[in-house]
A.B. asks: 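Sharing a structure with you now.
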Protein chains: 2
Amino acid sequence: MASSPDRPPQKTGLPRRAPTAHDVAALAGVSQSAVSRCFTPGASISDDTRRRVQAAAEQLGYRPNLIARSLIKRRSTIIGVVIPGLQNPFYSSVLEALSADLAAAGYRILLFNAPARGTPDPVLDEVLNYRVDALILVSSTLSSGLADECQNIGLPVVQLNRTAERSTVSSVVGDNHGGAATVARFLLACEHQRFAFIAGLETASTSREREAAFLATIEEAGKPVQRAVAHYAFDEAQTAARMLLGSDAPPDAIFCANDYMALAVLGVARAEFGLTVGRDISIAGFDDLPMAAWPEFSLTTFRQPVRAMSARAVAMIDAQLQGTDSGRSEVVAGDLVVRGSTRVPAYGVVEVENERVWRP
Amino acid sequence: MASSPDRPPQKTGLPRRAPTAHDVAALAGVSQSAVSRCFTPGASISDDTRRRVQAAAEQLGYRPNLIARSLIKRRSTIIGVVIPGLQNPFYSSVLEALSADLAAAGYRILLFNAPARGTPDPVLDEVLNYRVDALILVSSTLSSGLADECQNIGLPVVQLNRTAERSTVSSVVGDNHGGAATVARFLLACEHQRFAFIAGLETASTSREREAAFLATIEEAGKPVQRAVAHYAFDEAQTAARMLLGSDAPPDAIFCANDYMALAVLGVARAEFGLTVGRDISIAGFDDLPMAAWPEFSLTTFRQPVRAMSARAVAMIDAQLQGTDSGRSEVVAGDLVVRGSTRVPAYGVVEVENERVWRP
DNA sequence: ATGAAAGCGCTAACAC
DNA sequence: GTGTTAGCGCTTTCAT
C-alpha cells in the first residue's frame, strides 16, 4: 500500500524506498512542489491543498527527507560536537547542556567522542564531510590546527573550555586565571603552609592557566609549592596523592586542576592516609561537579558555570551562522564555593543562595 | 583560487559554496565521475588519473559531500541515539561505549538527549527525518509505540536497557530479574531482617523487573519488605531514604533500583542518621558505576556490563542493516560485586580478578 | 579505464 | 496559489 505502482521496481542492494514528496503529490493530486510548500513554514498554500496533502502524507507515512533538503540549502542544522571521554562528569554536564541549548536553537548534535590524549583526528576529519553547520570543540586537545582549518573553510567553530594561542578561533572558557588565583588566596587565608598543585594535561590550556595563576599567587606569598601531573586521570591523581602525602614534607593544602582529580585525592587522603580532610589537610578543586556537593565529598571548588558556558557557545555559533559576528573569546565568571574539604578562612566567606562562597 | 570561473556567481543568502567534484574534475582535466571513483574504495581507476585528481582535490581543499552521497545511497552511516539525562553516570558510560563501538563500526552518532520523564517526543520525530540508518533507544521511557513505528518503516531499532512487552523490537538488557533475585538472596544470607526496596521509574521495565524479583525472593523467605519510589532521581532517593530510615521500624537492608540512587541513600544514611553503612545497615545497588568502587562509597552492587551491552547492541544493529537478522532480545549476564556497603555473608563470596563477587 | 547521462528527494525561482 | 523547471553534489549504469 505504501509502494507507488508507477515507479520502477526497487533496485537491489539499496534499502527500501520510503515514500517521497512525489508519491504524496500523486496521491493528493497536486504537484510535488505543493507538497514541499506544505512542509515549509512560511510558504503560501491554500487550506484546501494543505489538507489534501497532509492526508495523503499521513496515509503514506511520508517524512520529508532532511538529507535532500540539506543538500539544497547547504545547511544541515547539525552541529558537530567533539568532546573527550565522558568519564569526567564535567563533560557529561557540558554535553547535556549543549544538547539542550542546541536542541532549543533548532540544531541536532553529531557526536564525536575523542579520547583526550593521543590520536590526532582520523575519523573527526570525516565529520566535516557531513557538512555540519558548525563545530563545537570541547576541551579538545586536538591540534588547534584543525580548528583553524575549519575557520578558513568558513565553518563556524567555537572552542569550549579551551583557548589556543595564535588562533583566531572563538572560545568560551571559565575564569581559569582568576579562579585559580582565588583558590590560592583562599588557601593562604586558611593559613596553610605547604602547598601542592596537581596538574591535568600539560598540553591543556585549562591546566596551564590554572597552574600559572595558582603558583604565582602562592609563590608571591613566599610559600613553597610542590607540583605533580595526573593528566586529568582518576588513577593518576590517586598516584600523585600517594606520592605527595607520602613524602617527607607532605603538603597541608592541595589544589587540583579539576574536581575529578580532587575526588580521587580526597579518597586517598582519607582511606589511605587516615587524614581528616578539612582539618588535617585542605583539598580544593575546579569545576564544581554536581558530586562535589555530595556529603561524602563536600568539596571546596571553583565553579565553572556549565549552563552559562554552553549558552554562550551556542549563541556564538548562532551569531557566526547569521554572519552577525565572526567571534572572539569570552571568559565566564565563576565563584569559589566553600565546603568541607578545606579549612575555613577567618574572613571573606559569605552566604549566597544557600551556598557559602568566598568573596574577600 | 578556490572558485571556479565557469560557474554562476553564488546565490545570495546561501552559505559559501565549497569546492565540488566538478571543480576538482575541471582542474584535473578529467570527468566528474573520475573524481567520484577516486574517492570510492573499490572503483577502477588508473594510477595516473588518481594522482591528478588527488592533487587537484588537495589544491582546492575538496571534501566529498557525504550528504549528497547519503541521498543517493539511501544510507547515511549515522545512527540515532536516544538517551536520557547524562546526570546518571550509567548513561555516560553507555554513551561512551556506544560512541566507541559505533565509531569502530563506521557509524556516526546523531545524539538525542531525551529527559527521562515527561515529554513524549517532539524533536525526536525529526531525527527520523535525517534518515538515520538505525536507532538505539537507551532506557527511553518513550512509548514503545515510536519504536514499533520505526520498525514498521523498516528502520532497525534496538532498545538498550529496556524491554517492552507486546513489541517485537530488539533489545539488550542486563539481568534484571536474576540480578535482583541474587541481591535478595545475598542480603538474606547476611541475615538481615527488615528489607526495603527503592524503585526508580514505575514505568521503566528495569525498575519493575528488579522490584518484582527482589520482592518475590524476600517475601518467599517470609521477611517484611518496605517500598519507596524515587524515580531514579538523586534528590528523591534522598527523600526516600529519610522516610525509610526515619520510620518506626527502619529497614536494616536497602536495595536500590540503581547505583545512582544508592549513592544518595548512602549519603543520607551516614551524614544524616549517623549509621555505619555495612554494619548498622546494608545498602546495595544495581549497575556498578565506576564510582561504586571509590573508597567513599564502596558500594555492593549488581553489575551491568556496559561494554558488553553496547557491543551487543551495535552487533544487532549491524545484523539488521545487513538483513542478516531481524533481531530479538538478549540478556547480558552480570555479577554481584561485594564491597563495603553491605555486611558480608558467611558463604558464597569468592575472589575473581581482584574483586569479590557473590556466587553461592 | 573513462565520460556522458540519468537520477537520489527536495527547494527555489519563474511563469501562469 | 500552483505547476513547471532547474538544479543541490554525488553515485551509477551504460557506452566507449
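So you know, we letter chains A, B, ... as the sequences are listed, proteins then strands, and number each from 1. This is a predicted model, so every value here is computed, not measured.
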A.B. asks: Looking at B:R69, does any N or O in its side chain come under 4.0 Å of the phosphate oxygens OP1/OP2 on D:dC10?
C.D. replies: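 So the side-chain polar atoms of B:R69 never come under 4.0 Å of the phosphate oxygens OP1 or OP2 of D:dC10.
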A.B. asks: Quick one: does B:S310's side chain have a donor or acceptor within less than 3.5 Å of a partner on B:V306's backbone?
C.D. replies: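 Checked: no pair found.
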A.B. asks: When you measure from the side-chain N and O atoms of A:T20 to the phosphate of C:dG9, is any distance below 4.0 Å, counting only OP1 and OP2?
C.D. replies: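 Checking C:dG9 against A:T20, no side-chain N or O comes under 4.0 Å of OP1 or OP2.
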A.B. asks: More than 12 foreign heavy atoms under 6.0 Å from CD of A:Q322: is that the case here?
C.D. replies: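 Buried by this count: over 12 neighbours within 6.0 Å.
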A.B. asks: Over all strands shown, is A:R50 touching base, sugar-phosphate only, or nothing at heavy-atom distances under 4.0 angstrom?
C.D. replies: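 If one applies the 4.0 Å heavy-atom cut-off, A:R50 turns out to touch nothing in the nucleic acid.
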A.B. asks: Using ring centroids (six-membered ring only for Trp), state whether B:Y130 and B:F112 fall under 6.0 Å.
C.D. replies: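 Centroid separation for B:F112 and B:Y130: 6.0 Å or greater.
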A.B. asks: So, is B:S36 near the phosphate of D:dT11, with a side-chain N or O under 4.0 Å from OP1 or OP2?
C.D. replies: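 The answer is yes; a side-chain N or O of B:S36 sits under 4.0 Å from OP1 or OP2.
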A.B. asks: Over all strands shown, is A:V35 touching base, sugar-phosphate only, or nothing at heavy-atom distances under 4.0 angstrom?
C.D. replies: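 The residue A:V35 makes no contact with any strand.
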A.B. asks: Separation of B:R17 atom CZ from D:dC8 atom P, in whole Å?
C.D. replies: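 To the nearest whole Å, that distance equals 8 Å.
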A.B. asks: For A:I72 and D:dC8, what is the distance between atoms CD1 and P respectively, to the nearest whole Å?
C.D. replies: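 From A:I72 CD1 to D:dC8 P: 10 Å.
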A.B. asks: Got a salt bridge between A:R131 and A:E126, using NZ or NE/NH1/NH2 to carboxylate O under 4.0 Å?
C.D. replies: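 Looking at A:E126 together with A:R131, the answer is no, because their closest N to O distance does not fall below 4.0 Å.
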A.B. asks: Go through D:dT12, C:dT11, C:dA1 for me and flag the one nearest to the B:S33 side chain.
C.D. replies: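 Output: D:dT12.
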A.B. asks: Within this structure, what is the CG-to-C1' distance between B:D47 and C:dA1, rounded to whole angstrom?
C.D. replies: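 Distance, rounded to whole Å: 12 Å.
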A.B. asks: State whether the distance check finds a donor on one side and an acceptor on the other, under 3.5 Å, for side chain B:R37 versus base C:dG3.
C.D. replies: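 Such a pair is found, so the answer is yes.
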A.B. asks: Hey, does B:T49 reach any base, or is it just sugar-phosphate, or nothing, if we go heavy atoms under 4.0 Å?
C.D. replies: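 Here B:T49 touches the backbone only, sparing every base.
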A.B. asks: Using heavy atoms to find the nearest nucleotide of DNA chain C for B:A68 and B:S46 separately, return the residue whose nucleotide is more 5′.
C.D. replies: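 Final value for this comparison: B:S46.
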A.B. asks: If I take atom CG in residue B:L71 and atom C1' in nucleotide C:dA6, what distance separates them, rounded to the nearest angstrom?
C.D. replies: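 My rounded result for the distance is 14 Å.
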A.B. asks: How close or far is atom C1' of D:dG3 from atom CD1 of A:I45, stated in whole angstroms?
C.D. replies: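 To the nearest whole Å, that distance equals 12 Å.
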A.B. asks: I want to verify a distance call: between D:dT11, C:dC8, C:dC10, whose nearest atom is closest to the B:R74 side chain?
C.D. replies: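 Closest nucleotide among those given: C:dC8.
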A.B. asks: Tell me the interatomic distance from A:R52, atom CZ, to D:dG3, atom P, rounded to whole angstroms.
C.D. replies: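 Nearest whole value for this atom pair: 8 Å.
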A.B. asks: Find the distance B:H22:NE2 to D:dC10:P and express it as a whole number of Å.
C.D. replies: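 Interatomic distance, NE2 of B:H22 to P of D:dC10: 10 Å.
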A.B. asks: Counting the atoms with a prime plus P, OP1 and OP2 as sugar-phosphate, which does A:Y62 contact under 4.0 Å by heavy atoms, base, sugar-phosphate, or nothing?
C.D. replies: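 Sugar-phosphate contact only.
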A.B. asks: Please tell me if A:S44 has a side-chain N or O lying less than 4.0 Å from either OP1 or OP2 of D:dG1.
C.D. replies: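 Result: yes.
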A.B. asks: Should A:R63 and B:E149 count as an ion pair when the cut-off is N to O under 4.0 Å?
C.D. replies: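 Salt bridge flag = yes for B:E149 with A:R63.
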A.B. asks: Would you kindly give the CD1-to-C1' distance between A:I67 and D:dG9, to the nearest whole Å?
C.D. replies: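 Answer to the nearest Å: 13 Å.
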